[in-house]
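Read the structure below first, then the notes.
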There are 2 protein chains.
Amino acid sequence: MQSLIEAQKKLLPDLLQTMQKRYQILQSIRLMQPVGRRSLSNNLGISERILRGEVQFLKEQNLIHIHPSGMTLTKEGDDLLSSLEEMMKDVLGLTFLETTLKEKLHLDEVIVVSGDSDHSPLVKKEMGRACAQCIMNHLQDDEVVAVAGGTTLAAVAEMMIPLGHRRNVLFVPARGGLGENVENQANTICAKIAERAHGKYRLLHVPDQLSKEAYESIIEEPEIKDLLKIIRSAKMLVHGIGDAQTMAERRKTPKEDFEKIKKGKAVGEAFGYYFNQKGEVVHKVQTVGMQLEDLKNIRNVIAVAGGASKAKAIKAYMNQSLATILVTDEVAAKELLREL
Amino acid sequence: MQSLIEAQKKLLPDLLQTMQKRYQILQSIRLMQPVGRRSLSNNLGISERILRGEVQFLKEQNLIHIHPSGMTLTKEGDDLLSSLEEMMKDVLGLTFLETTLKEKLHLDEVIVVSGDSDHSPLVKKEMGRACAQCIMNHLQDDEVVAVAGGTTLAAVAEMMIPLGHRRNVLFVPARGGLGENVENQANTICAKIAERAHGKYRLLHVPDQLSKEAYESIIEEPEIKDLLKIIRSAKMLVHGIGDAQTMAERRKTPKEDFEKIKKGKAVGEAFGYYFNQKGEVVHKVQTVGMQLEDLKNIRNVIAVAGGASKAKAIKAYMNQSLATILVTDEVAAKELLREL
DNA sequence: CTTTCCGGGACTTTTTTTGTCCCTGTAAGA
DNA sequence: TCTTACAGGGACAAAAAAAGTCCCGGAAAG
């Protein structure tokens with residue numbers, strides 16, 4: 001197989017290029033459908049005219065459907081895209097990144113999508129799609145899935161796919177409020193994911209920034225107590241990884257905590273924990289729900305994060321070696337590999 | 001692998017076409033090197049200008065070398081071509097023909113080259129090349145190879161490759177004169193093959209059309225007797241298959257034999273034996289050397305024949321099921337398959 | 001009912017491909 | 001030694017394909 005590609009490279013050097021272009025177009029259509037030429041060409045950075053040519057071609061191949069409301073993938077196009085996925089990973093060298101990272105980080109699985117999620121929202125969506133697919137691959141009947149917050153998880157939620165045959169899956173937020181905006185809160189995302197997956201969900205309504213006393217009293221509430229128990233029984237946790245400073249700024253972080261994070265030289269953040277380069281916890285947001293020490297009991301801990309800006313954060317978090325699966329993008333993967 | 005090709009067909013429909021074109025050009029250069037643009041374009045049926053473009057491309061890819069004396073394959077080009085061979089067989093569906101024929105004809109091996117040797121001398125050469133390669137694949141040290149005559153075998157001789165590491169291989173003609181012209185006689189071809197292979201050879205000098213008495217006396221000659229013994233010890237026989245009528249006409253066939261062939265409804269011929277549709281021998285040219293009944297003792301009986309015109313002859317001969325390997329071309333293979 | 005996208009038609013410009021003609025150099029045969 | 005045939009390649013025009021530009025009618029959403 002590799003030799004075929006090598007031979008083809010020799011015999012048709014621009015084959016790869018063209019193939020990749022069309023693959024990306026199909027991929028983008030899948031992510032944005034139904035979508036028009038203009039917005040698509042904007043997103044892909046291709047001139048509209050040239051995209052039009054490609055679109056016409058794809059239409060002739062019966063890979064896309066053209067509506068007055070926009071373009072959609074046909075069944076055939078969707079199938080083709082699926083079967084193309086692993087080949088393109090090979091072709092683009094993503095398979096190499098995946099296997100190497102998997103070994104070096106001692107993970108069960110690494111998924112790398114092509115591109116840079118810092119620069120293209122589509123790549124972030126694609127990462128979300130890959131993560132959604134990954135969740136489904138590991139999810140079984142009657143299981144609880146804990147979901148964290150953040151913009152990346154929002155992308156996962158947006159791209160979530162139905163549970164299909166899986167029965168009785170419950171989605172819960174991993175932890176209480178962390179000071180995020182509503183759209184990035186674990187609660188919001190959890191609900192959205194569950195809806196898209198056609199699964200059940202329960203939310204954790206606790207105020208942000210609890211005082212010690214309030215914290216201790218709230219965890220005694222029967223309803224909360226019950227839910228916290230469920231959260232700790234989760235078989236799967238899905239969370240993002242953020243740059244420490246960015247996260248601290250985005251959230252309504254109290255001054256003294258901010259100083260603590262700064263002094264501790266935190267570089268990464270995940271579900272309320274701030275890590276320094278060595279992976280040591282320098283600060284944790286005080287809230288209910290899943291705690292770091294619970295992670296070792298969870299079968300699948302899926303971390304999702306991409307973009308060159310997050311490479312350091314990912315690396316720091318990986319030093320904790322609590323995650324079992326990493327979903328990332330090309331630039332982050334390369335950056336990670338460069339540093340290891 | 002097949003799915004990759006399928007996907008590529010969808011995404012780049014003219015990929016196959018272009019790839020095949022360039023593959024054929026490379027293949028033809030290999031067969032004709034050193035060769036100029038004009039003769040090459042004539043042979044390929046491509047306009048000279050278009051070939052020129054391709055040639056330039058291939059040069060830029062370092063696949064061919066351009067000399068004042070003509071174009072040659074570079075090492076890289078030759079390697080590429082070799083590794084491309086099996087892929088193209090897959091792509092062009094020749095693998096399917098090979099495996100199907102192999103089963104239906106109960107052979108050890110079937111090799112199908114692309115094209116029609118009736119219409120293109122290059123295809124005949126390619127068949128010769130494939131046969132030469134095949135011979136080498138099965139040949140071992142200290143073995144005797146018996147070689148028949150005919151135009152196809154002449155092509156094999158022309159494309160013969162050196163023995164390489166194989167030691168002490170002896171080439172001998174399979175049978176005595178069959179009435180052919182010099183260039184198609186087993187003796188001539190045997191010598192040529194041996195020379196090209198850098199092997200030894202011995203020739204069988206007996207007149208055509210022997211009378212019974214002459215036949216019986218000649219086989220008592222010590223030198224002849226010795227050689228005949230060697231011929232019968234051959235581990236490999238390489239022969240062509242001809243259309244009965246064509247062969248009878250080409251050779252100086254006596255009237256009564258001609259009638260016999262005609263009345264027996266012979267359709268095929270191989271090393272002096274004429275077969276009817278059922279594979280029954282209706283006439284044999286009286287001469288010394290290998291006889292039909294000796295074939296079952298030979299490890300590798302390689303039959304080489306191509307072109308739609310010979311499909312019936314091949315089929316007839318295959319009913320004898322004495323051959324172990326068939327080297328043919330695409331049209332003959334398809335025709336054979338259609339009839340089976 | 002208006003606004004906003006949607007696809008697609010039409011035309012020009014640009015680039016690439018292909019056809020045509022001719023030149024110079026080399027190698028083999030006379 | 002000279003001729004001849006065939007090698008590759010340069011140059012340029014014609015043709016075709018691709019890309020840029022502008023604009024239109026129609027469906028859907030607000």
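Since the structure is predicted, the reported quantities are computational estimates derived from the model, not experimental observations. To find a chain, count down the sequence lines: A is the first, B the second, and so on, and within it residues start at 1.
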Protein-nucleotide distance ([X], atom [atom1]; [N], atom [atom2]), rounded to Å:
X	N	atom1	atom2	result
Lys21(A)	dA18(D)	NZ	P	10 Å
Met32(B)	dC6(D)	CE	C1'	13 Å
Arg38(B)	dG8(D)	CZ	C1'	7 Å
Asn43(B)	dA7(D)	CG	P	11 Å
Arg37(A)	dG8(C)	CZ	P	7 Å
Met71(B)	dA7(D)	CE	P	8 Å
His67(B)	dA27(C)	NE2	P	9 Å
Ile64(A)	dG7(C)	CD1	C1'	11 Å

(request) State which residue, out of Glu183(B), Glu180(B), Lys124(B), fulfils the side-chain hydrogen bond (donor to acceptor under 3.5 Å, both in side chains) condition with Thr151(B). (result) Lys124(B)
(request) Report the nucleotide, chosen from dT20(C), dG8(C), dG8(D), that has the shortest atom-to-atom distance to any side-chain atom of Arg49(B). (result)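 Among dT20(C), dG8(C), dG8(D), the one nearest the side chain of Arg49(B) is dT20(C).
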(message) I want to verify a distance call: between dC12(D), dA7(D), dA27(D), whose nearest atom is closest to the Pro68(A) side chain?
(response)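 My answer, after comparing the listed nucleotides, is dA27(D).
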(request) Identify, residue by residue, the members of residues 50-59 of chain A with a heavy atom below 4.0 Å from DNA chain C, and return them in order of residue number, or none. (result)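 Only Arg52(A), Lys59(A) qualify.
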May I have the list of side-chain donor-acceptor pairs in residues 77-84 of chain A shorter than 3.5 Å, sequence neighbours left out?
from: Asp79(A); atom 1: OD1; to: Lys75(A); atom 2: NZ; distance (Å): 3.2
from: Asp79(A); atom 1: OD2; to: Lys75(A); atom 2: NZ; distance (Å): 2.8
from: Ser82(A); atom 1: OG; to: Asp78(A); atom 2: O; distance (Å): 3.0
from: Ser83(A); atom 1: OG; to: Asp79(A); atom 2: O; distance (Å): 3.4
from: Ser83(A); atom 1: OG; to: Leu80(A); atom 2: O; distance (Å): 3.0

(message) Less than 4.0 angstrom between a side-chain N/O of Ser39(A) and OP1 or OP2 of dC6(C), yes or no?
(response) yes
(request) Could you tell me whether the phosphate oxygens of dA19(D), OP1 or OP2, come under 4.0 Å of any side-chain nitrogen or oxygen in Ser47(A)? (result)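 No, no such contact exists.
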(message) One thing to verify: whether Glu330(B) and Lys334(B) come together as a salt bridge, which I'm taking to mean a side-chain N less than 4.0 angstrom from a carboxylate O.
(response)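 Judged by the 4.0 Å cut-off on N to carboxylate O distance, Lys334(B) and Glu330(B) do form a salt bridge.
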(message) Salt bridge or not between Lys192(A) and Glu195(A)? Use side-chain N to carboxylate O under 4.0 Å.
(response)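 The answer is no: the pair does not qualify as a salt bridge.
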(message) Donor-acceptor pair, distance only, cut-off 3.5 Å: does the side chain of Asp14(B) make one with the backbone of Gln17(B)?
(response) no
(message) For a quick check under 3.5 Å, do Lys310(B) and Ser117(B) share a side-chain donor-acceptor pair by atom type?
(response) no
(message) If I compare all heavy atoms of Asp116(B) with all of Ala308(B), which pair ends up nearest, and what's the gap?
(response)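 Shortest heavy-atom contact: OD1-N, 4.1 Å.
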